[in-house]
Every structure is written in C-alpha cells, then in structure tokens.
2 protein chains.
Amino acid sequence: MARSGIPTRERIISAANALFYNDGIRGVSVDAVAARAGVTKRTLYYHFRSKDDLVAAYLAGRDQPNLALFRQWFGEKDDGLPAQVERVFRNLARSARHPKWKGCGFLRTSAELANMPGHPAMKIGAAHKKRFEEWLRVTFAAEGIADPLRLARQILLLLDGSFAVVLLHRDPSYMETAGQAAHALVEAALAGRAKPQSRRAR
Amino acid sequence: MARSGIPTRERIISAANALFYNDGIRGVSVDAVAARAGVTKRTLYYHFRSKDDLVAAYLAGRDQPNLALFRQWFGEKDDGLPAQVERVFRNLARSARHPKWKGCGFLRTSAELANMPGHPAMKIGAAHKKRFEEWLRVTFAAEGIADPLRLARQILLLLDGSFAVVLLHRDPSYMETAGQAAHALVEAALAGRAKPQSRRAR
DNA sequence: TTGTGTATATTCACTGGATAGTATACATAA
DNA sequence: TTATGTATACTATCCAGTGAATATACACAA
C-alpha cells in the first residue's frame, strides 16, 4: 500500500517520468528513481521486473496525455484546417520556452536506445507516433483531402523535426517556421481536393 | 607514434566514431573505445583530456564529410532546385536502408546530452546544423527566392524530422515523403519570387 | 471477538561487475 | 636529456539486480 494517498506504483512512474525525461534513460539510475519516489530500490523491483520495464511504463504513461494535448490545441478554435494545424506548432513553441522543456520524450528515448530495436520502449514510442499520425490522417480524410496519409506524415515530419532542431539550438522560433510550412502544405492539399466539404473556406 | 600507418589519435577517433554512432555516448565505455582502437586506456587519455573531449572530437570528425555528402547529392545533376533538394532526401533514404544506419549522429548525441546544454558536443552539433542551414540559405538566395532563410529552415526541419521518424519506425519511405514535401515547398517559393534568375525553369 | 493463514507490499544489506580517471614507469627519438 | 607516446596496474565510485526477512491487510474459523 501507499504511504501517501497515491499508490506506490504511480509514485514510482511519476518519479521515473521526471528523471528520465530530464536526464535520459542511461543517465538515471534505478536508485535515483527509487529515492525520488520515496521508496527503496527493492520495492521498485517489486513493482517492475527490470529497468527496461520501468522505462516502458514511463513512456506508456506519456502516450495519452500527449495526444490529448495536441487534440486540445487543434480543437481550441474551428478556424480552418491550416490554422488549426499551425496552432499546434505555435502552442508547442510556447511549451518549448519553458526551461524544463527537453524535447519529445519518445524521440529522445528512441535516439538513446537506437541500438536496441526490439526494446519495449521503442515499440511504445513507435505506437505513439503512429496514433498521432492516424489521428491526423482521419482528420484530413474528413476534410476530403486527396491523400490524407501523405499529408499526415508530412505534418508529423515537420513536428518531429522541430522537436529535434529546437532541442539542439534551444530556439523555439523553429517551431513557428515549421508551423508556417505545415500551414502551406495543408492549404495546398485543401486547394487540390475534389469537392470542398462541410467547412466554409477559412 | 602510431603502430600502423595511421596515427594513434586518428585511430582512436575512428574507433569512437564506430562505437558512439552505433551505441550512443553513455552506452560506450572509454575502455571499449581504447580496445577497438588497439590502444590502452592510458594512451587514450594522453590524446584526449576526458570522455567529453573524445565525444567532441567524434562529432567534429563527422561535420565536413556529412556536409560534403549532402552537397554531392544536391549537385549530381542540375535539374532544378526542387528536384535537387528532393534528391538529397532520396539518397538519404537509400542510406537509411543499410542495416548499420542509426540516424543522425549529431541529433542522437544532442538528444542524449539534452540535460547538458553547455557540453562541447552540443555546440559542435549546433554549429554543424547551422552550417547546413547556411549552405541551403545561400543556395536559395542565389536562385532569387524571397525568404531564403525561412525556406532553408523548413527544409532542415523536414530533414531532421525524417532522421527522427525513420529511426523510430525503421521505415525509410518517410524520407521520400519528406522529400516530396520539400519539393513542394521549394517549388512554391520559386513560383513566388520576383524575377526568375539565371536558371531555366526546371 | 480473537486467532490464524495467506497474499501483498516493503525494508535492509548485499553481490558482482562495470566505469571514468590516475600513479607510475618504460620506451623511443630529436 | 628531454619531450612524446605507450603500457601495467590501480582507485574510488556507481549500478542493475537479488536474498532473506519483515510488516500490513484481509478472509475466515473458533
């Protein structure tokens, strides 16, 4: 049972989240996670079979909240597809200005574990990005865009590119540049569709 | 002096390159680099002050060859800016199909060392990407594109995005998708320029 | 109400191995 | 003989994972 109100397992994942996101996987010891969670290492190993298991749980815990945030930014206003997509980038730029921001946890973990393609964390990261891509694809398809998967992937590429570039340069304005590119690509795709559907033009 | 023809320092950097690129920075011990270079650890520490110093040398050694490769791909044929830019992505996709490919060493290192913004490797990585961006900008400016820096950054974002995405999904076709997006953005920028300069249209 | 068994949850103390970096000495060439 | 380069052997620390015991909660019988 938990010492505080929050169950032990949740506290461990929360500690892992803070530490892994900030310092990377190999940069954080299991002892450090246990200490931050206020638990002994042996307790941690009661709840998680191994460090790899803990890493997987860390990423799994970021999946839904992340997607929800993107959907929220996108849906804040119904001001047309190009503007909605661009708004995601602008909000991301705002997040990236916070000093604790360290890029995308999924991408950073996959970069660190690139030599272990079968690692559970890699699968969770890939699945997360696929879910994001699929959400974009469905959204674009509903607007009658001719090749919604291609456009979804192009937006994803700009998004993940901006994670990488901003992490390197510490200059969030790249995210606004990416947003402009995304705006242009979506607009061009809308202009090329067969019959305008359901939405007034911007 | 070197045991073989190649000087010791070069052999160490070459060993570091192979190991760090494949397994990441924290995934490789100094002992492993020394062993691969056929040198004792003490010798390594004669040539490099610390592991961080070695990491910096590893990245510095990748800077020019990388840029030269991009320039070569771009310049293979003079078939118009959009096609030239897209060819870089297609060649990159071909590289990415090799089993030893593990993304961009600069981006992966920056992802791993994201919590050490002052690390020399971060500065070298940032400088490398800036040099690439600047080469694109100059190239675009010579073609009379209105906002060459913005276009250069958008191409860079697509490129680095494809590094990240392909590393995660192990699906190089994303690079071709990125190339198509880059093609479209360059073409749109060309269409919008004031007066067509120096080059026949495609 | 009290006792008892059992599964869950947690702790302390430890192991075996890896790791970054060093003290010291030896070799070789200008 | 002095600067450069290389080797052997060492230190101090950290780290993933484990063995064995203990504590708590709860179901159920007396």
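Chain naming here is simple, since letters A, B, ... match the order of the sequence lines and numbering starts at 1 in each.
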- prompt: For the pair made of OH in B:Tyr46 and P in D:dA3, what is the distance, rounded to whole Å?
  reply: 11 Å
- prompt: Cation-pi between B:Arg87 and B:Phe74: NZ/CZ under 6.0 Å from ring centre and within 45° of the ring axis?
  reply: no
Distance in Å, A:His47 NE2 paired with A:Ile12 CD1, rounded so as to fall on 0.5 Å steps: 5.0 Å
task: Assign the ring pair A:Trp135 / A:Phe132 to parallel, tilted or perpendicular, where the plane angle (0 to 90°) is split at 30° and 60°.
output: tilted
query: About how many Å separate OG1 of B:Thr40 and OH of B:Tyr46, when rounded to the nearest 0.5 Å?
result: 13.0 Å
field: Protein-to-nucleotide contact annotation, 5' to 3' order, nucleotides 19-25 of chain C [B base; S sugar-phosphate only; - none; under 4.0 Å, heavy atom]
entry: SBBBBB-
message: Contact list please: residues 109-125 of chain A against DNA chain D, heavy atoms, distance less than 4.0 Å, in numerical order.
response: none
message: If the cut-off is 4.0 Å, is B:Thr43 near the phosphate of D:dA7, judged by side-chain N/O to OP1 or OP2?
response: yes
field: Full working for salt bridge (charged side-chain N to carboxylate O under 4.0 Å, His left out) between B:Asp160 and B:Lys129
entry: CA-CA 10 Å; B:Asp160 286 344; B:Lys129 294 292 179 185; 2.9 Å; yes
- prompt: With a 4.5 Å heavy-atom cut-off, do A:Tyr21 and A:Tyr58 have their side chains touching?
  reply: yes
Rounded distance in Å - CG (B:Asp23) to C1' (C:dA18): 15 Å
- request: Return the value, rounded to whole Å, for the distance between atom CG of A:Leu44 and atom P of C:dC12.
  value: 15 Å
message: Would B:Glu133 and B:Arg153 count as a salt bridge (charged side-chain N to carboxylate O under 4.0 Å, His left out) here? Give the steps.
response: CA-CA 6 Å; B:Glu133 179 187 297; B:Arg153 292 189 169 186; 3.2 Å; yes
Salt bridge (charged side-chain N to carboxylate O under 4.0 Å, His left out) between A:Arg137 and A:Glu143, intermediate numbers included: CA-CA 10 Å; A:Arg137 189 192 66 76; A:Glu143 296 286 333; over 6 Å; no
